[in-house]
Amino acid sequence: MKINVDSIEDKWIRKWRESKIFEADPKPGKPKFFITVAYPYPNSPQHIGHGRTYTIADVYARYKRMCGFNVLFPMGFHYTGTPIVAMVKRLKGGDRELRKLFVEVYGIPESVVDGFDEPVKVARYFHEEIKRGMEEMGYSIDWRREFTTIDPQYSRFIEWQFLKLRERGYVKQGSHPVGWCPSCSGPVGQHDTQGDVEPEIGTFTLLYFKLSDGTILPAATLRPETVFGAVNLWVNSSGEYVKAKVDGEYWIVSVKALEKLRLQNRSVEACEVLRGSDIVGLTALNPATGMAIPILPADFVDPTHGTGIVMSVPAHAPYDYVALMEVKAKGVDGVEQRVIDAIDIKPVIRVEGYSDIPARDVVEKYRVMDQRDPKLEDATQDVYRAEYHRGFMRDDIPIYGGLPVSEARVRISDDLRSRGLASYIYDIMNHPVYCRCGALCMVKILEDQWFIDYGDPEWKRVVHKLIDSMSIKPEVLKAEFHNVVDWLREKACARRIGLGTRLPWNPDWIIESLSDSTIYMVYYLISKYVNLYGIKPDCMKPEFFDYVILGRGDVDSVSKSTGIPRDILESIRIEIEYFYPLDSRHSGRDLVSNHLAFFLFNHVAIFDERMWPRQIVVNGSVMMEGKKMSKSLGNIIPLRSAIKEYGADALRLSLLSAASLLQDVDFKHSIALSFKAWLERFIKDAEELKSAAELDSVMDRLRVIDRWILSRLQARIDEARRALEELEVRDAVQSVIYGLDDDISWYKLRVSVDGGLDDVAKAVLKSLWKVRALLLAPLAPFTAEEVWSILGGGGMASTQIYPSPSPSLRDIVVEACEDMLRSLLSDSREILKLMKKPASRICYYLSSPYKWRVASYAAEMFKLGSIDVRGLIDKCRVDPELKGYMDRISRLASEIVREAMRLGRVKVELYSRINLDVLRRYLEDAKPFLERELKCRVEIYVEGEGDVYDPTGRASRSIPWRPAIYVE
RNA sequence: GCGGGGGUAGCCAAGCCUGGUCUAAGGCGCAGGGCUCAGAACCCUGUGGGGUAGCCCUUCGUGGGUUCAAAUCCCACCCCCCGCACCA
């Protein structure tokens, strides 16, 4: 029979939808479980990496539902933000790369791409695409609550949230440096740059070197402490410079630098255009030492970086050292050689392992050829790092002598600034970074920027308290959350462009995406009513949210002022009281330091303690055949194509089983295929077991091995439950699939006669298949439903109660005997393997009763604590029944102790349940099986009884946990 | 730099918190066998080395230490990955 995965999936998607089993409404008295995953941003189809988080959440939702909870698992779509806007702009600008991505990688028809002329159209398209993927994956979502973050009703909600934050004093206004494109006049993030580089903003100290007429030559540096060793200045002689009036003083900087100063809100007025060569040869005063130093040309100076004026510290900066050596050797046009010769290298910092001039050390070490040599970067890194961590200011440096460099740096910069000899400037650390439009990125200081003040210490304190009291899975992340909360500072919460909600008190600003997604989980409880009754945005005034979310105000007056009928208001209020707080929040690990942290802050700010979230679950990402998924590698597999290729269940299992929660999953084609095959086989087996009898009808005919497999099943159920409870989905797959497979294949080997199964075995397997279908239902729901229905389970698997271990089917003695049988078989095989000739008969010798007595003492000792030979002998000595055996016991005791150590606590505990009679009967019973497996006659004796066939005297070697073996 | 995570057999990966059940789960790959006209799939067996008796030797980044006993606990070192924001 051929299994048609597609039609099975279609069938169950339809049945689930028609039966509305995933639509959750408040049910007083029934425990609820509210679970959400971070909603998707619809700027591309989802790939299998996105699928992991949603699948884990769905497994949890399905599991909790089967545990009797009224589970609510909703979904929305996050339209807020700039990337989609930027994409449309690029498409309109004829960006071929992006078009290619859409058409060739995502498989979107050309005509559809042509229609992408507005951000919302793009969002709607991917929204539907993503939603379909979620349905196809079998996610048990209550779709009645779906919304997007640009729905006007949602905007009312976000406005309300921001009014609350502002009321509580968490919203502030201030200035803020951002990466900026002067040509687009907009902020640039990673998405906006060539090569997706994140512009890093750094603060440079601007040191004011002055010409004799007072004109300032500001040198930008990250190492202001080295100013004491600045013995000349560098400019690029062919670079464009300007003399300009900056904040009322005359400055000379590069043309680009003037633009930066303007963006950073200095008053700037250019006066005169210069070339670098125009200022070469002039003399400037060092602001720290007062020394007159010459201005010299250097090719390495990049006029677009910093100010285009570079202070030269040849003792500690390899670039400066090399450049100085060059000018000393070659001379400079228009500068007297005497001036150049007079330049002395001045050391400022001493650091162990380096000479007085560390820059020279590394230049020699790296064999740097000239100032264009790329090795200078590494050389520079070396010196900087060593000096920063291990360096001290030399004792001849006034005031700061003896200070560690890291401390001196801050103090010197502060002191010079307070004396008006320096200031600071922001610049791009990883310069140069280019905007997609091609322009060089700079730093702009935005004035009047709105912030949420996550730096507020009191607010942080409360968030710490929440983190301590909630569950975070995996638990190791708790420390990370605490750290993140400690780091967080003001967060810019609004921008000028992009989709989203406008700040209610200042509509020029649009609330950015990480700030409008912090408490929206509660909105799912409202959106159901918005969708159901078409509540108008205008009705959703602050008092509406105050009432339904916080329980403030009076229903009648709220109803009157909003025009929303009283019963609807009350229903929403009841819904929120019932489902809130959120029981589990799921996301990938990349959201820990932003979204998830903000989620906690905002809940604490807006809700009462009893409505704070209960749990966060974080998972790692997905790799593709060992490599990171990326557009450039072209190894992104869209979720929906993967579903087509492997089927939803096989894909789910692949994503669930390949790694523990926080670890990155390595997705492999071969693994997905083997799950696919496994699932098909599971269904085929069910078809074959369909006609078997029910377990109840064969209960009185069960053999030990039947009892064994049923007992194992109970253990697997227990493992699966435990694993799912802790969201160790990997372990759940392990137990339900591989673990049970192991048990079943052993069982089949034991019960099959001539390769076939009798009707008892079939009945046992049928019952096992039914239980297994339910065990599998959260993990691979389509297959589970299919098998459950094939075997006539009744109702849907998704709504059954998750199996619990049944104590009456657990049989530890049988498990112990079977375990011993297996090790006996494997020991026998090992012996047989080493024998050259085939064996004709194999004899097992069980220990005589007195040995069992000694073993039971040993097990007891082990259970209570440690085990030792002397102690064991002492115990035996006082036992009158062992009186006659003391001569043999000393050797036996040491053997037993050794074996106990080898077996370990768990096995010894297990074996202690067995006694001689039970084991003898058990092995006698299994004799035909052993003979079949070992292909020779098997005989079982008890040491010390009459007619024991024992030509080599092996019987005496037996101990109770390990019968002796003789092979002939 | 600060903070977090990690280095386990051919590969991926569990175990580590709570030391002994650890030559170390499971999967993939590989090899042999079965099935088959053949192949794919599937099913068995093996997969550090040695061994004519169930065993011995070696192994969990490196080096020390604690312990009767260490992949697991402690110390030092080396290496790798991620986050540090205005961006979803």
Side-chain angles (χ1 to χ4, degrees), chain A residues 38 40-41 43 78 80-84 176 178-179 187-192 198 200 385 388-389 406 446 449 451-452 454 475-477 479-484 486-495 498 512-515 517 589-595 597-598 620-621 623 625-626 628 657-660 662-666 668 670-671 673-675 677-678 680-681 728 730-731 733-734 737-739 741-742 745 748-749 823-824 826-837 862 866-868 900-910 952 954 957 962-967:
Chain A
Y41 184 67
N43 72 333
H78 199 194
T80 314
T82 53
I84 293 177
H176 183 61
V178 294
V188 282
Q190 195 173 340
H191 292 288
D192 313 308
E198 174 83 39
E200 293 168 38
R385 202 166 296 157
Y388 182 73
H389 293 292
S406 51
L446 291 176
Q449 172 68 50
F451 296 97
I452 297 177
Y454 294 122
E475 186 132 17
V476 283
L477 281 180
E480 193 164 331
F481 269 98
H482 279 301
N483 285 323
V484 167
D486 283 336
W487 300 333
L488 286 173
R489 313 184 299 268
E490 300 91 349
K491 151 92 187 153
C493 63
R495 353 171 86 213
E512 63 81 46
S513 59
L514 285 173
S515 302
S517 57
R589 52 165 339 168
D590 50 335
L591 298 188
V592 169
S593 62
N594 44 66
H595 165 72
F598 302 155
S621 58
M623 315 250 285
E625 303 284 350
K628 207 170 184 148
S657 71
S660 56
L662 200 57
Q663 213 76 36
D664 289 349
V665 154
D666 188 14
K668 286 188 178 153
S670 58
I671 291 179
L673 280 183
S674 70
F675 274 121
W678 189 93
E680 286 175 10
R681 172 149 206 95
E728 285 298 346
R730 176 199 174 90
D731 295 343
V733 173
Q734 194 77 224
I737 293 191
Y738 302 121
D741 264 358
D742 260 12
S745 73
K748 283 184 171 169
L749 194 67
S823 47
L824 202 56
S826 113
D827 284 350
S828 306
R829 282 210 172 105
E830 194 167 347
I831 295 167
L832 289 175
K833 199 175 79 187
L834 291 171
M835 299 215 345
K836 288 228 169 89
K837 283 183 284 186
F862 207 20
S866 69
I867 180 169
D868 68 282
M901 294 292 205
R902 213 179 62 83
L903 291 170
R905 231 172 259 280
V906 174
K907 279 237 158 128
V908 169
E909 161 75 16
L910 186 65
T952 56
R954 303 200 72 88
R957 295 206 199 176
R962 192 178 214 210
I965 302 172
Y966 168 68
V967 179

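Model, not experiment: these values are computed from the prediction. To find a chain, count down the sequence lines: A is the first, B the second, and so on, and within it residues start at 1. In what follows, every heavy atom counts, from backbone to side chain, and hydrogens, waters and symmetry copies are set aside.
Across the P atoms, G48(B) and C60(B) are found 15 Å apart, a figure rounded to whole Å. A gap of 15 Å separates the P atoms of A69(B) and G20(B), to the nearest Å. When the C1' atom is used for both U8(B) and A53(B), the distance is 33 Å, rounded to whole Å. Taking atom C1' on both nucleotides, C11(B) is separated from U67(B) by 35 Å, rounded to a whole Å. Rounded to the nearest Å, the gap between the P atom of C28(B) and that of A13(B) is 15 Å. For the P atoms, the distance from C79(B) to U62(B) is 15 Å, rounded to whole Å. Distance noted for atom C1' between C44(B) and G51(B): 25 Å (whole Å).
Between S674(A) and C28(B) there is a side-chain polar atom (N or O) within less than 4.0 angstrom of OP1 or OP2. Regarding contacts with the backbone of C43(B), every side-chain N or O of S745(A) stays at 4.0 angstrom or more from both OP1 and OP2.
Comparing P83(A) and D731(A) against RNA chain B, the residue whose closest nucleotide sits nearer the 5' end is D731(A).
In this structure, CD1 of I737(A) is placed 20 Å from P of A25(B), rounded to the nearest angstrom. The CD1-P distance, from I452(A) to A85(B), rounds to 17 Å in whole Å. If you take CG of N594(A) and P of A85(B), they are 11 Å apart, rounded to a whole angstrom. When rounded to the nearest whole Å, the span between CD of E680(A) and P of C42(B) equals 10 Å. In this structure, F675(A) places its CZ atom 13 Å from C1' of C12(B), rounding to the nearest Å. Here the P atom of nucleotide C84(B) and the CZ atom of R489(A) are 11 Å apart, to the nearest Å. Straight-line distance from the CG atom of L749(A) to the C1' atom of C43(B): 12 Å, rounded to whole Å. To the nearest angstrom, P of G54(B) lies 8 Å from CZ of R954(A).
With hydrogens and angles left out, the side chain of R730(A) and the base of A14(B) share no donor-acceptor pair within 3.5 Å. Side-chain atoms of N43(A) stay outside donor-acceptor range of the base of A88(B), with no qualifying N/O pair under 3.5 Å. The base of C28(B) lies outside donor-acceptor range of the side chain of K668(A), with no N or O pair under 3.5 Å.
With A88(B), C44(B), C86(B) as the choices, the nucleotide that has an atom nearest any side-chain atom of L591(A) turns out to be A88(B). Nearest to the side chain of R681(A), among C42(B), A85(B), G54(B), sits C42(B).
Counting non-hydrogen atoms under 4.0 angstrom, Y388(A) reaches nothing in the nucleic acid.
Of all non-hydrogen atoms in S517(A) and H595(A), the two that sit nearest each other are O-CE1, 3.0 Å.
Rounded to the nearest 0.5 angstrom, F598(A) CZ and L591(A) CG are separated by 10.5 Å.
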Protein-nucleotides 3-6 of chain B N/O pairs closer than 3.5 Å?
from	atom 1	to	atom 2	distance (Å)
G3(B)	O3'	N483(A)	ND2	3.3
G3(B)	O2'	N483(A)	ND2	3.2
G4(B)	O2'	E480(A)	OE1	2.6

